[in-house]
Amino acid sequence: METKVALLGFGTVGKGTYRALTENADEIERKTGKKVTVKKILEIDPKVRACGLAPEEIFCTDIEEILSDPEISIVAEIIGGMTIALDFILRALRAGKHVVTPNKAVVAANYDLLQKTARENGVQIKYEASVGGAIPVIETIRKSLVANKITKVQGIVNGTTNYILTKMEEDGMSYADALKQAQENGFAEKDPTADVEGIDSANKLSILMIECFGIYIKPTDLDRTGISGLTRDDLRLAAQHGCKMKLLASAERKEDGTVEAFVRPTEVPLSNPLAGVRNEFNAIYLYCNMADRILLTGRGAGKDPTGSAMAADIVSLA
Ligand code: HSE
């Protein structure tokens, strides 16, 4: 049986998702018995449509063409940003399409509305790629750790800032040059303020708290500090203390039911494996009451790693 999918947007993650679904189609079919085909791609930029990475005839410029196509059962929102992305996701859910998105800002800010809309329309919204890039953290929490009470989640969940800190520390690169490189590599958000001010990490932490604790705290209500105020002296000082400076996202559910959560630059001792997480890699510790501590790590940003997580959600829905 063939499942037809539409991609909304063909930027960095769109290209990665398309590549995973097409180049690894045989692998997907071997593992699941499912054939998953990208039928349409919404993309308004003619230069992108002509990039040669997907056949030009599958591109369209009107979302209605996708929403009104009864063959398309899954829509991947990969345009990014807030307003239009949310509008497109809601319209797709209301049209009875399952939705997959890497858009942590939209998911974290509108969690209840998105779940309610999906429920009312008998479909699902999945967002594995929204946290930790390629790392299958949400599936792990929901499936492999289903019989655990998770008491704490802590880690590095932003690739751009980890890349900047690594380059400043190891190569003596300036903050501005390292950020530029992270942007060129396709790690940063459209507006990198979200990365460097810890907003992206707060969005991801908000999603992790829902998954781990069933508690929703708006990302704007989280205690948050980014890395824009850090200097190379701060990194040198951390080194003198036998530590690496990392932007940590952390949430702990206390015995009394309260939650302590923050995003902030933290000196991490070299003995902690998080100190050895370099460049755009992410790593997330899950503290569980049965499995004990689990550490998941992998590439937290970029075209193919994020495309891998997007494709996994699409195939799972198929
Ligand atoms: N800007 C994000 C990051 C992309 O650097 O981690 C992946 O979510």
Side-chain angles (χ1 to χ4, degrees), residues 9 11-17 20 76-82 85 89 100-109 126-139 153-168 173 175-211 219 222 224-228 230 245-250 263-265 274 277-284 296-313:
T12 306
V13 179
K15 292 186 181 97
T17 307
E77 177 280 312
I78 336 172
I79 52 169
M82 279 298 258
I89 291 174
V100 175
T101 180
N103 196 325
K104 52 265 153 160
V106 165
V107 173
K126 286 175 77 74
Y127 42 85
E128 179 66 72
S130 69
V131 182
I135 305 170
V137 61
I138 292 175
E139 280 299 290
V153 53
Q154 183 173 72
I156 295 163
V157 292
N158 182 267
T160 300
T161 46
N162 205 46
Y163 185 88
I164 293 171
L165 293 174
T166 308
K167 292 293 170 200
M168 283 173 74
M173 203 179 267
Y175 174 89
D177 285 349
L179 171 58
K180 193 162 166 274
Q181 254 189 29
Q183 288 177 292
E184 283 163 7
N185 288 336
F187 305 149
E189 299 300 300
K190 266 184 202 156
D191 176 1
T193 314
D195 295 293
V196 297
E197 298 304 344
I199 298 165
D200 181 76
S201 291
N203 289 333
K204 291 164 175 167
L205 186 60
S206 172
I207 294 171
L208 284 172
M209 281 192 285
I210 296 167
E211 299 295 331
L222 289 171
R224 166 182 63 79
T225 309
I227 66 157
S228 62
L230 288 181
M245 186 67 82
K246 293 291 177 191
L247 183 65
L248 288 194
S250 180
V263 171
R264 76 172 74 110
L274 293 180
V277 176
R278 299 169 59 250
N279 294 321
E280 79 276 22
F281 276 72
N282 284 189
I284 301 163
L296 301 170
T297 187
R299 286 191 199 274
K303 169 179 158 271
D304 289 346
T306 315
S308 161
M310 285 293 292
D313 270 350

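Counting starts at 1 for both ligands and their atoms, in listed order.
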Item checked: Distance from atom 8 (O) of ligand 1 to nearest protein heavy atom, with residue and atom -> Lys104 NZ, 2.6 Å
Notebook entry, point to check: So, Thr161 versus Asn158: side-chain donor-acceptor pair below 3.5 Å or not?
Noted result: yes
Check: Can you tell me if Tyr127 and Glu211 form a side-chain donor-acceptor pair at under 3.5 Å?
Finding: yes
Run the numbers for me: atoms of ligand 1, each under 4.0 Å from some heavy atom of [X], listed by number.
{"X": "Gly300", "value": "6 (O), 7 (C)"}
{"X": "Asn158", "value": "2 (C), 3 (C), 5 (O), 6 (O)"}
{"X": "Gly159", "value": "3 (C), 5 (O), 6 (O)"}
{"X": "Asp195", "value": "1 (N), 2 (C), 3 (C), 5 (O)"}
{"X": "Phe187", "value": "1 (N), 2 (C), 3 (C), 4 (C), 5 (O)"}
{"X": "Glu189", "value": "1 (N), 2 (C), 4 (C)"}

Notebook entry, point to check: Do you know which of Val131, Asp200, Ile199 makes side chain to side chain contact (heavy atoms under 4.5 Å, CB included) with Lys104?
Noted result: Asp200
Checklist line | Side-chain donor or acceptor of Asn162 paired with backbone N/O of Val277 under 3.5 Å | finding: yes
Check: Are any side-chain N or O atoms of Glu128 and backbone N or O atoms of Met310, one a donor and one an acceptor, separated by less than 3.5 Å?
Finding: no
Check: How does Thr160 reach ligand 1, by side chain, by backbone, by both or by neither, if only non-hydrogen atoms under 4.0 Å count?
Finding: both
Next item on the list: Answer side chain, backbone, both or neither: which part of Lys204 comes under 4.0 Å from ligand 1, heavy atoms only.
Entry: side chain
Check: So do Thr225 and Val263 actually touch side chain to side chain, heavy atoms under 4.5 Å?
Finding: no
Note to self: So Ile78 and Thr101, do their side chains get closer than 4.5 Å, heavy atoms only?
What the structure shows: no
